[in-house]
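Structure, as structure tokens:
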Amino acid sequence: MSEQELKALRLRIDALDEKVLELISERARCAQEVARVKMATLTEGESPVFYRPEREAQVLKRVMERNQGPLDNEEMARLFREIMSSCLALEQPLKVAYLGPEGTFTQAAAMKHFGHAVISKPMAAIDEVFREVAAGAVNFGVVPVENSTEGAVNHTLDSFLEHDMVICGEVELRIHHHLLVGENTKTDSISRIYSHAQSLAQCRKWLDSHYPNVERVAVSSNAEAAKRVKGEWNSAAIAGDMAASLYGLTRLAEKIEDRPDNSTRFLMIGSQEVPPTGDDKTSIIVSMSNKPGALHELLVPFHDNGIDLTRIETRPSRSGKWTYVFFIDFVGHHRDPLVKGVLEKISQEAVALKVLGSYPKAVL
Ligand SMILES: C=C(O[C@@H]1C=C(C(=O)O)C=C[C@H]1O)C(=O)O
């Protein structure tokens, strides 16, 4: 390609960027107008709702449907995710608490879901994320709920039993783990590997074959593991990209998770009910009396109405020995007539039924 051609292309890009800039600014002004209208139409004592997850899901879906390339749908949606995030911040900067410290996968999930224009606050434990949201110190919380290799995150499920929370969104993240070392680490004398217990479990086979005799030390998070390694000469950490760059560690081995499709699902928790988008999921907690056939009775109404169950998990109820609660996720919104009917039917049989929330299916 000649210099001439390159120069002409760059001029075109400059002109396009000017237009993109103008359009983004116009969009941002529209969002400011939306805020003004929302404020003007408030009734006495009502507080404004700026963040609309159902609307954001629709915007992203539309972008993906209309996209004709060459950027792929995910990439295009990611760009729009950030534009919306910045526009919303003009209306109201969201405060989001997540399972910290900085550099965790939960932080990456929060950024994937809300974009980068939020004020994010790392918390030391899952329960603290719940408490921070309950106290009204933040608008939303982000917690991991299940991993495709290791299953349920029990701390999260149990926290739902203790706090009144509304689930207002979900996001899935591919989890890649790396073996990380600091600049002082003597790589041939590693005697200890730090990570979160879930991550150690997700890399168990790899560790068994590469570091069978090295002590595996479970710590409170992957980011914490990365932090510790920085100052030690005989240890390594298993953590992801964010932690690696945050603590300036080197990848000794990449993508060491046993399953290449290793993913974690995260939930957004808050107090805001989310209206239907037409492509939603609902999470409920049910406790049944301890009698034969109770689980069958619980599941039949879903089957009879053709409602797709996406997950069912059992936990001790904490209110009696050998009594259980079921965490159930299914496709649909609790305001759908069909779902309403099923929930009514279940509540006739159940000891207790609580709808944790209906929310748009993860778009990104
Ligand atoms: C603009 C609005 O407010 C927020 C910003 C949005 C956007 O930038 O597209 C979408 C939904 C809301 O979270 C709205 O309610 O439409």
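Order of listing sets the numbers, starting from 1, for every ligand and every atom in it.
A donor-acceptor pair shorter than 3.5 Å cannot be found between the side chains of D329 and T310. A donor-acceptor contact under 3.5 angstrom links the side chains of S191 and N234, judged on distance only.
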Only distances under 3.5 Å count here; give the side-chain donor-acceptor pairs of residues 115-125 to other protein atoms, sequence neighbours excluded, each with its distance to 0.1 Å.
residue	atom	partner	partner atom	Å
H116	ND1	E82	OE2	2.8
K121	NZ	E132	OE2	2.4

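Ring centroid separation for the pair H155 and F130 does not come in under the 6.0 Å cut-off.
With sequence neighbours excluded, the residues forming a side chain to side chain contact (heavy atoms under 4.5 Å, CB included) with Q92 are F50, L94, N139, listed by chain and number.
Protein residues having at least one heavy atom under 4.0 Å from any atom of ligand 1 are R27, V34, K38, F50, Y51, R52, R55, E56, M84, C87, L88, E91, listed by chain and number.
The list of side-chain hydrogen bond (donor to acceptor under 3.5 Å, both in side chains) pairs with a residue in residues 10-35, not counting sequence neighbours, reads E33-R36.
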